[in-house]
Amino acid sequence: MVKAPHELALMRVSGRLLASVFEMLDRITLSGLSTLAVNDLVERYITDDLAARPASKGQYDFPFVLNCSINQVVCHGVPDAAEIIRDGDIVNLDITLEKGGFIADSSKTYIVGEVPPATRRLVKVAQDVMWKGIAAVRPGARLGDVGAAIERHAKKNGYSVVREFCGHGVGREMHEEPEVLNFGRPGTGVVLREGMVFTVEPMVNQGTRRTVTRDDGWTVETADGKLSAQFEHTVAVTATGVEVLTLRAGERVTR
């Protein structure tokens, strides 16, 4: 669970490379692209431009490099040549990257074209909820503090937090201990120590927190068909607080 300084240095490299993938995506127009086209674009960028490995490809027999989750899809959306991203959609792109033996994991929900104010608000709050969780990370804090901060801010804004999926330790493997729940009670759970590295990745729903899984065995949707949004960063516990390893250019850590 705790990374040595030389391991953390390698994780910073993976995190910075993964951040550059999202910076590349920020520069393109998603509207009109199929989710498979986005997958292929990201795969080429990771392998050809960054000389890195897309860590999701082949993990648990998943054949793609990213999850592409549109509108009511909570997570694990499967890239498909027939699924076209359109103006008015929100789409979460969840991407992993391995370099030097260590994995970084991050996601972002993109607003495509013009969307109603209620949709834009959901995406903004989902991002804020992630930052509330990250702000609770420091040596001596507990994972229950992180989950409580996430759920409290979501509920305050009238949204629910998915409970079936959560953050996780990350390093040489994509999923390591500990589980980082998006709910909890302050003062409970694993005590955070300098050198721990894990993801903070709350999934925030407009309606019920309940979910259903499609017949493909991967794609998870909201049970009521309402929208869901998610943001994710890989973070490290430092001596004085937290370091966001996948922080993107122009992105500001908020408290």
Side-chain angles (χ1 to χ4, degrees), residues 1-26 42-60 62 65-67 93-108 130-131 133-147 149-150 166-182 189-202 231-255:
M1 292 172 65
V2 176
K3 305 298 186 287
H6 73 279
E7 294 175 315
L8 191 54
L10 290 170
M11 293 207 70
R12 288 191 182 99
V13 173
S14 297
R16 178 67 204 121
L17 291 177
L18 181 53
S20 76
V21 178
F22 286 95
E23 291 160 10
M24 176 274 293
L25 289 167
D26 289 345
V42 169
E43 181 168 17
R44 288 192 300 271
Y45 188 78
I46 291 175
T47 57
D48 297 346
D49 293 73
L50 303 180
R53 180 178 70 88
S56 294
K57 190 173 185 178
Q59 180 84 5
Y60 311 122
F62 189 72
V65 305
L66 56 76
N67 293 122
L93 300 177
D94 191 343
I95 308 170
T96 62
L97 178 151
E98 180 266 323
K99 182 76 172 182
F102 286 89
I103 294 171
D105 188 359
S106 187
S107 84
K108 175 179 178 177
M130 176 195 66
W131 287 118
I134 291 173
V137 175
R138 64 182 66 87
R142 292 177 177 267
L143 283 179
D145 302 332
V146 177
I150 287 169
C166 62
H168 50 85
V170 63
R172 292 190 182 274
E173 302 293 333
M174 187 187 302
H175 296 110
E176 300 180 351
E177 294 296 330
E179 286 192 335
V180 183
L181 301 180
N182 296 313
V190 172
V191 178
L192 302 184
R193 297 165 52 196
E194 182 181 357
M196 285 184 175
V197 181
F198 50 82
T199 68
V200 177
E201 50 177 303
F231 287 82
E232 173 187 13
H233 272 309
T234 296
V235 304
V237 183
T238 67
T240 57
V242 62
E243 178 182 357
V244 181
L245 302 181
T246 47
L247 193 70
R248 299 181 278 275
E251 193 175 28
R252 184 171 57 88
V253 176
T254 60
R255 299 288 181 180

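Model, not experiment: these values are computed from the prediction.
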| field | Gap between atom CZ of F198 and atom CG of L245 - 0.5 Å precision | value | 10.5 Å
| request: Write down the atom of K99, the atom of L50, and the distance for their closest heavy-atom approach. | output: NZ-O, 3.7 Å
| said: If I take atom CZ from residue R53 and atom OG1 from residue T47, how far apart are they, to the nearest 0.5 angstrom? | reply: 12.0 Å
| Which pair of heavy atoms, one from C166 and one from V180, lies closest together, and at what distance? | CB-O, 3.2 Å
| Is there side-chain contact between L181 and L143, with at least one heavy-atom pair below 4.5 Å? | no
| field | From S56 atom OG to L66 atom CG, the distance as rounded to the nearest 0.5 Å | value | 7.5 Å
| request: Go through I150 and V200 one step at a time and tell me if the side-chain contact (heavy atoms from CB on, under 4.5 Å) criterion holds. | output: CA-CA 9 Å; I150 287 169; V200 177; 4.0 Å; yes
| Does a sphere of radius 6.0 Å around CD in E43 hold more than 12 heavy atoms from other residues, nucleotides or ligands, not counting ones at 6.0 Å or beyond? | yes
| Do the non-hydrogen side-chain atoms of V191 and R142 ever get within less than 4.5 Å of each other? | yes
| So, T234 side chain and T246 main chain: donor-acceptor pair closer than 3.5 Å or not? | no
| request: Look up atom OG1 in T199 and atom NE2 in H175, then write down how far apart they are to the nearest 0.5 Å. | output: 7.5 Å
| remark: With H233 as partner, the option from E201, E251, K108 fulfilling side-chain contact (heavy atoms from CB on, under 4.5 Å) is E251
| Is a side-chain donor or acceptor of E23 paired with a backbone partner of A249 at a separation under 3.5 angstrom? | yes
| task | With rounding to the nearest 0.5 Å, note down the distance linking CD in E98 to CE in M11. | result | 10.5 Å
| message | To the nearest 0.5 Å, what is the distance between OH on Y45 and CD1 on I95? | response | 11.0 Å
| task | Work out which heavy atom in F22 is nearest to a heavy atom in L93; give both atom names and the distance. | result | CE2-O, 3.5 Å
| What is the minimum heavy-atom distance between E243 and R12, and which atoms define it? | OE2-NE, 2.8 Å
| request: For S106 and D94, work out which heavy atoms get closest and say how close. | output: O-OD1, 3.3 Å
| query | Where do A239 and P139 come nearest, in terms of heavy atoms and distance? | reply | O-CG, 3.5 Å
